[in-house]
There are 2 protein chains.
Amino acid sequence: MTADGEHGGLDFWSFVELANRRLATEYGFRHQLATELLLTLNRASNIVTYDLEASVHRPRGRSWSGFRLLFVTWLAGPLEAKKAAELTGMSRAAVSNLAKTLVADGLLARTPGEHDGRSVLLSLTERGTEEMVELFREQNEREYEWASVLTEAEQRILVMLLDKLVSNRDQFDVRGRN
Amino acid sequence: MTADGEHGGLDFWSFVELANRRLATEYGFRHQLATELLLTLNRASNIVTYDLEASVHRPRGRSWSGFRLLFVTWLAGPLEAKKAAELTGMSRAAVSNLAKTLVADGLLARTPGEHDGRSVLLSLTERGTEEMVELFREQNEREYEWASVLTEAEQRILVMLLDKLVSNRDQFDVRGRN
DNA sequence: GCGAGGTAGTAAATGCGTGAACTATATGGG
DNA sequence: CCCATATAGTTCACGCATTTACTACCTCGC
């Protein structure tokens with residue numbers, strides 16, 4: 001028995017076992033593997049993200065979301081706020097808010113779009129680029145530490161499976177952000 | 001060329017390609033696979049979580065975090081708030097806040113711990129249990145739809161790789177929540 | 001027994017992201 | 001040409017999670 005009655009040594013892994021058992025035997029649910037998959041996915045993402053944010057970005061006064069916006073703007077060049085929202089997976093409102101503070105910090109520039117009077121083009125300032133290079137250097141080292149637990153082949157398989165998991169999401173109507 | 005100059009058709013996948021290329025050739029960074037892995041992990045988790053929250057929990061007046069707390073309390077029986085925080089990956093303060101509203105809603109019960117005067121035991125009320133069964137039935141169906149894009153073997157591999165990714169995190173000092 | 005140090009839980013302050021409502025601009029059919 | 005409709009972006013109110021600080025309680029060693 002992995003999980004004892006008083007839960008003294010109950011960790012995430014043994015909790016999943018316990019959940020599987022009870023869901024199947026006491027309640028007759030049938031899709032335990034799906035539950036386990038999404039539980040594990042969520043947990044892994046949270047752990048890694050929290051660590052990167054806490055060890056790399058917070059100490060330098062940046063948030064995880066701020067970094068993500070800077071990252072796509074850095075690499076995908078000047079782009080519309082809408083596009084930045086799609087690439088980062090944030091809402092347009094979030095991009096608007098983040099941009100406001102990043103512009104105030106002198107890292108981001110906001111210029112009106114040429115072809116569309118409604119749109120706004122985001123791009124990095126010179127200082128923004130410099131800071132991104134520095135920031136990403138740190139993050140990349142940390143990312144490498146995390147990923148190195150897996151072999152390169154495992155990493156490629158993991159990327160492939162994760163991508164497959166979300167790639168066919170048009171098959172049923174998935175809720176996305178505004 | 002997958003990503004054109006004006007970004008008209010730039011999606012997440014081609015952005016990753018573009019990022020890999022620029023990080024390697026223009027900046028000389030070496031750990032692109034690690035970046036790609038964590039980018040993909042983060043994205044997959046966000047997409048799936050957001051969908052479950054929006055399609056299952058919000059319509060019934062529950063938040064994703066509220067559901068997670070109810071879920072572990074449901075299956076791991078009466079447990080200390082501290083334990084619930086560990087299992088859900090939230091801070092103790094978050095559990096305290098969520099518990100407050102869930103108790104007010106009549107789903108959760110809070111009883112003082114027997115052996116430790118400081119601790120609080122969380123358990124589901126009768127109504128809480130009923131609602132959880134119903135709520136989880138819905139969620140489990142949806143989870144199954146998501147997972148079914150992968151074969152069962154692929155799902156098992158994915159779980160294994162995700163678990164391996166976070167299991168060895170004691171090797172370097174990882175930042176965790178309070 | 002008592003005091004130092006540690007732990008469980010809560011409260012207050014802060015920051016951030018979302019959805020909804022709104023403004024401004026674009027587009028397309030009559 | 002004009003109005004209906006759709007879209008880009010911003011603002012606002014709200015909910016939620018975090019950190020920090022605090023209270024209450026436990027525990028170990030002197």
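Quick note on labels: first sequence line is chain A, next is B, and so on, each numbered from 1.
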Candidate nucleotides [options], ranked by approach to the side chain of [X] - the nearest:
X	options	result
B/Y50	C/dC16, C/dT25, C/dT18	C/dT18
A/S119	C/dT18, C/dA26, D/dG9	D/dG9
B/A81	C/dT10, D/dC25, C/dG9	C/dG9
A/R58	D/dT11, D/dT18, C/dC16	C/dC16
A/R110	D/dC16, D/dT10, C/dT18	D/dT10

Sequence neighbours left out, what passes salt bridge (Lys or Arg N to Asp or Glu O under 4.0 Å) with [X]? Give chain and number order.
X	result
A/E141	none
B/E86	B/K82, B/K83
A/R127	A/E131

For A/T49, all residues meeting side-chain hydrogen bond (donor to acceptor under 3.5 Å, both in side chains), sequence neighbours excluded: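 Here the qualifying residues are B/N42.
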Give every residue pair that meets the side chain to side chain donor-acceptor pair (under 3.5 Å) criterion with at least one member in residues 29-38 of chain A, sequence neighbours excluded.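 Residue pairs with at least one partner in residues 29-38 of chain A: A/N20-A/E36, A/T35-B/N140, A/T35-B/E143.
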Nearest whole Å is fine: how far is [N] [atom2] from [X] [atom1]?
X	N	atom1	atom2	value
B/H57	D/dC16	NE2	P	14 Å
A/N46	D/dT18	CG	P	9 Å
A/L98	C/dT18	CG	P	9 Å
B/N97	C/dA11	CG	P	8 Å
B/R62	D/dC16	CZ	C1'	14 Å
B/L102	D/dC16	CG	C1'	13 Å
B/L122	C/dT10	CG	C1'	13 Å
B/M90	C/dT10	CE	C1'	15 Å

Using OP1 and OP2 only, check whether a side-chain N or O of B/S91 sits under 4.0 Å from D/dT18.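 The answer is yes; a side-chain N or O of B/S91 sits under 4.0 Å from OP1 or OP2.
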Ignoring backbone atoms, test whether A/K100 places a side-chain nitrogen or oxygen under 4.0 Å from the OP1 or OP2 oxygen of D/dG9.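 Result: no.
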Protein-nucleotides 3-7 of chain D N/O pairs under 3.5 Å:
from	atom 1	to	atom 2	distance (Å)
D/dT7	O2	A/R118	NH1	2.5

Atom pairs, protein N/O to nucleotides 2-4 of chain C N/O, distance under 3.5 Å:
none

Which atom pairs, donor and acceptor, lie under 3.5 Å between side-chain atoms of residues 99-108 of chain A and protein residues at least two apart or in another chain?
from	atom 1	to	atom 2	distance (Å)
A/T101	OG1	A/L98	O	3.0
A/D105	OD2	A/R62	NH1	3.4
A/D105	OD2	A/R62	NH2	3.4

According to ring-ring contact (aromatic ring centres under 6.0 Å, His included), who are the partners of B/W64, at least two apart in sequence or on a separate chain?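 B/W64: ring-ring contact (aromatic ring centres under 6.0 Å, His included) contacts with B/H57.
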Distance to the ring centre below 6.0 angstrom and angle to the axis at most 45 degrees; does that hold for A/R43 and A/F12?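 Judged by the rule (NZ or CZ under 6.0 Å from the ring centre, within 45° of its axis), A/R43 counts as positioned above A/F12.
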B/L121 and B/L79: side chain to side chain contact (heavy atoms under 4.5 Å, CB included), yes or no, with the steps? CA-CA 5 Å; B/L121 286 182; B/L79 38 55; 5.6 Å; no
Contact nearer the 5' end of DNA chain D, comparing B/D116 with B/G66: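 Nearest nucleotide further toward 5': that of B/G66.
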So which one's nearest nucleotide on DNA chain C is more toward 5', A/W64 or A/G117?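 The residue whose closest nucleotide sits nearer the 5' end is A/W64.
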Applying side chain to side chain contact (heavy atoms under 4.5 Å, CB included), run through B/L122 and B/V95 and close with a yes or a no. CA-CA 10 Å; B/L122 300 177; B/V95 169; 4.0 Å; yes
